[in-house]
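In listed order, ligands and their atoms are each counted from 1. In this chain, numbering begins with 1 at the start of the sequence shown.
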Amino acid sequence: MAVSSKKGDKSDILVPAHIGVIMDGNGRWAKKRLFPRKFGHREGAKTFKKIALAGKEMGVKYMTFYAFSTENWKRPKDEVDAIMKLFEDYLDDVSSFEKENIRLIFIGDRSRLSQNLRDKMKHAEDISRDFDSMTVILAVNYGGQSEICKSVREIAKMIKNDELDIDDIDEKLIEDNLYTRDIPPVDLIIRPSGEMRLSNFLIWQSAYAEYYFTDILWPDFKEKDLADAIKAFSDRSRRFGGI
Ligand code: IPE
Ligand code: IPE
Ligand code: MG
């Protein structure tokens, strides 16, 4: 499936075409330093930019970053507000991505986000539409279960309108109605911060993903840690059910 060998690299490292990153551990990073949690989110945002650019340098074509889950609304309002404010500030400055020819896409339910944030997301998508060095996907108010519900609702609508038959439902049709419609399945999922779970991230798309867990907290995650994860991926034997 979707793996590519890095061009020009003499080593035999297989670079995943699509990496998913669960950007976890911001709160604990701040707590360790006796800072408010929002400081951790601010550092985490810097790490996001750094690791996305590093991924591009290493030849990764798609990187999806989990920034805010459908469950993260359970947090105190001031923390949620601080995270939303960070997204807005962030989208005012996507110039470093523009310079690198990186396309930016958002996945998740935008209906609960402010109009201002939605406008900025759309603007960032519009200006980067034809950039092709790499695609960065930011998952904001994203949940894998809610994404599958959305796909099912859209298919049900087509059946109700007699545009489809129940027997037409297959994996491809479900995929075609996910947010990630035009994006290849995820090859490698990286989760820092010591937690070993998916927390509702890309649950459909990761059916055959490899997983890489590390205790490093996201704001401390460095280019070298990404290289280590890619190396670990490259050493795995993926069989996709074959032998
Ligand atoms: C991830 O860091 C960021 C979001 C979920 C928005 P956390 O805020 O979950 O950090 P920890 O897990 O509390 O350390
Ligand atoms: C997952 O982290 C969501 C993001 C990183 C955006 P959480 O901190 O929300 O996950 P749990 O609650 O530990 O499972
Ligand atoms: Mg967390």
Subject >> K38, NZ: over 12 other non-hydrogen atoms inside 6.0 angstrom >> reply: no
Original post:
Using 4.0 Å as the upper bound for N to carboxylate O, is an ion pair formed by D81 and K85?
Top reply: no
**OP:** Kindly write out the residues that satisfy side chain to side chain contact (heavy atoms under 4.5 Å, CB included) with Y90, not counting sequence neighbours, or none if the list is empty.
**Re:** A45, F48, K49
**OP:** Please list, by chain and number, the protein residues whose heavy atoms come under 4.0 Å of ligand 2.
**Re:** I22, M23, D24, Y66, A67, F68, N72, R75, R191, R197, S199
**OP:** Answer with yes or no whether K31 contacts ligand 1, where contact means a heavy atom under 4.0 Å from a ligand atom.
**Re:** no
Subject >> F35 and W29 aromatic ring geometry - parallel, tilted or perpendicular at 30°/60° bounds >> reply: tilted
Original post:
Which of these passes side-chain hydrogen bond (donor to acceptor under 3.5 Å, both in side chains) with H18: T64, T180, D187?
Top reply: T64
Original post:
Taking the six-membered ring of F39, is the NZ or CZ of R42 close enough (under 6.0 Å from the centre) and on axis enough (within 45°)?
Top reply: yes
Original post:
Could R197 and E71 be called an ion pair, given the rule that one side-chain N must be under 4.0 Å from one carboxylate O?
Top reply: no
**OP:** Answer yes or no for K150 and Y179: cation-pi contact, defined as NZ/CZ to six-membered ring centre under 6.0 Å and angle to ring axis within 45°.
**Re:** yes
Original post:
What protein N, O or S atoms come within a distance below 2.8 Å of the Mg ion (ligand 3), ordered by chain and number?
Top reply: D24 OD1
Subject >> Ion pair check, K46 and E43, cut-off under 4.0 Å >> reply: yes
Subject >> Pairing residues for D167 by the salt bridge (Lys or Arg N to Asp or Glu O under 4.0 Å) criterion, not counting sequence neighbours >> reply: none
